[in-house]
**Q** 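My questions all concern the structure below.
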Amino acid sequence: MADVLLEQDNDGIVWFTINRQERRNAINYEVMDCLQKTIQMVEQNDDVKVLVITGAGEKAFCSGGDLSSFHRLQTKEEAYSMLGKMGNILYSLLTVSKPTVALINGTVIGGGCELATACDFRYAKRGSKVGFVQGKLAITTGWGGSTMLFEKMSYDRALHVLLEAEPVSAEKMYEYGWIHSLLPEQGLKEECRKLLSPYLSKSVHVLRAYKTAAVAKWKNEAFRARFFAEIERCSVLWESPEHDEAVRAFLNK
Ligand SMILES: CC[C@H](C(=O)O)C(=O)SCCNC(=O)CCNC(=O)[C@H](O)C(C)(C)COP(=O)(O)OP(=O)(O)OC[C@H]1O[C@@H](n2cnc3c(N)ncnc32)[C@H](O)[C@@H]1OP(=O)(O)O
């Protein structure tokens, strides 16, 4: 079964679904490569107005990096090769010139929160849990997530969420302004489409022009340096015995 489902409907939405329910939609290299190609297609194709990223099933949007495969990465160089790959992909998602949505259909943890933060809008099913838990694994965000969070949420709330490193409710993250819409348990795609309909009625050139203006502040070397310095710091922490122990504990639970 494919790790990603991709569909494009007639009104210009591309739906990118992480299809790894058995791993709570954890991100592996196949998901990364599909996401990279999809972002390129969205950027280049004027038939596409909006990109929506979601997870298969009802339990999880995304549980972050696939610990069963990424646990093999031991040195900071090995870690950086994976973290930097996904960091580049999330930077391109952050700056793509079309509106993007994370449709949070359940629990979102770790790198899954970084993926969602790279999107313009986050619509979450009520009752979902949101956990920037990297701190509990003795690392930090490693895909650019905290650099982006400080751009998209108030300084104090972003720092609180990262330092606490605990799952919180979607309702709390709505209060914090990270989630833009809380959705009922059923009919998420239809609810998402309703929220997007005012954008879909506009010309793709208008959408592209406004998004280009919006992301101009991030398309410079100073921001990229901050973004990749985060990834460098995470790769150093990755080598720590505490990180190895935390991941081992999860995998052997
Ligand atoms: C910079 C990014 C960074 C990195 O890449 O390292 C990160 O993303 S760090 C954060 C990594 N992610 C996590 O720590 C989340 C780990 N998962 C969980 O906490 C839970 O699974 C949760 C809350 C997502 C869902 O809990 P639930 O009780 O519903 O399910 P289970 O825990 O029983 O999991 C079911 C099944 O999925 C496997 N699983 C879940 N998450 C991952 C993952 N991230 N990587 C690999 N596998 C994952 C879990 O092991 C279970 O497998 P099974 O064989 O059935 O035991």
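In what follows, every heavy atom counts, from backbone to side chain, and hydrogens, waters and symmetry copies are set aside. The chain is numbered in sequence order, starting from 1. Each ligand, and each atom within it, is numbered from 1 in the order the structure gives.
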**Q** Quick test: of every protein heavy atom, which one is nearest to atom 32 (O) of ligand 1, and how far off is it to 0.1 Å?
**A** Lys253 CE, 3.7 Å
**Q** Nearest to atom 55 (O) of ligand 1, what protein heavy atom do you find, and at what distance?
**A** Glu22 O, 4.8 Å
**Q** Starting from atom 46 (C) of ligand 1, find the nearest protein heavy-atom neighbour and note its residue, name and distance.
**A** Asp66 OD1, 3.3 Å
**Q** Are Tyr210 and Tyr199 close enough that their ring centers fall under 6.0 Å?
**A** no
**Q** What are the atoms of ligand 1, with element, lying closer than 4.0 Å to any heavy atom of Gly64?
**A** 8 (O)
**Q** What residue and atom, counting heavy atoms only, is the protein's closest point to atom 24 (C) of ligand 1, and at what distance?
**A** Ser63 CB, 3.6 Å
**Q** Looking at Ala26, which atoms of ligand 1 are within less than 4.0 Å of one of its heavy atoms?
**A** 43 (C), 44 (N), 45 (N)
**Q** Have a look at ligand 1 and work out which part of Trp238, if any, has a heavy atom under 4.0 Å from it: side chain, backbone, both or neither.
**A** side chain
**Q** Between Asp66 and Arg72 (salt bridge meaning N to carboxylate O under 4.0 Å), is one present in this structure?
**A** no
**Q** I need the nearest protein heavy-atom contact for atom 14 (O) of ligand 1: residue, atom name and distance, please.
**A** Leu137 CD1, 3.6 Å
**Q** Among Ser235, Pro167, Ala60, Gly65, which one puts a heavy atom closest to atom 5 (O) of ligand 1?
**A** Gly65
**Q** May I ask you to identify the nearest protein heavy atom to atom 25 (C) of ligand 1, giving residue, atom name and distance to one decimal place in Å?
**A** Arg24 CG, 3.8 Å
**Q** On a heavy-atom basis, which atom in Phe223 and which in Lys217 lie closest, and how many Å separate them?
**A** CB-O, 4.4 Å
**Q** Could you check whether the rings of Phe228 and Tyr91 sit parallel, tilted or perpendicular, using 30° and 60° as the cut-offs?
**A** tilted
**Q** Check Lys136 with Glu164, please: is the shortest side-chain N to carboxylate O separation under 4.0 Å?
**A** no
**Q** Considering all heavy atoms of both residues, which atom of Ile104 and which atom of Phe61 are nearest to each other, and what is their separation?
**A** CA-CD1, 3.8 Å
**Q** Report the nearest protein non-hydrogen atom to atom 53 (P) of ligand 1: residue, atom name, distance rounded to 0.1 Å.
**A** Arg23 NH1, 4.1 Å
**Q** How far is atom 45 (N) of ligand 1 from its nearest protein heavy atom, and which residue and atom name does that atom have?
**A** Leu67 N, 2.9 Å
**Q** Is the distance from the ring center of Tyr29 to that of Phe70 below 6.0 Å?
**A** yes
**Q** Just let me know how Leu83 lines up against ligand 1, side chain, backbone, both or neither, with a heavy-atom cut-off below 4.0 Å.
**A** side chain
**Q** Please confirm whether Glu114 comes under 4.0 Å of ligand 1, counting heavy atoms of the residue only.
**A** yes
**Q** Could you walk me through whether Leu94 and Glu151 pass the side chain to side chain contact (heavy atoms under 4.5 Å, CB included) test, one step at a time?
**A** CA-CA 11 Å; Leu94 175 73; Glu151 295 289 317; over 6 Å; no
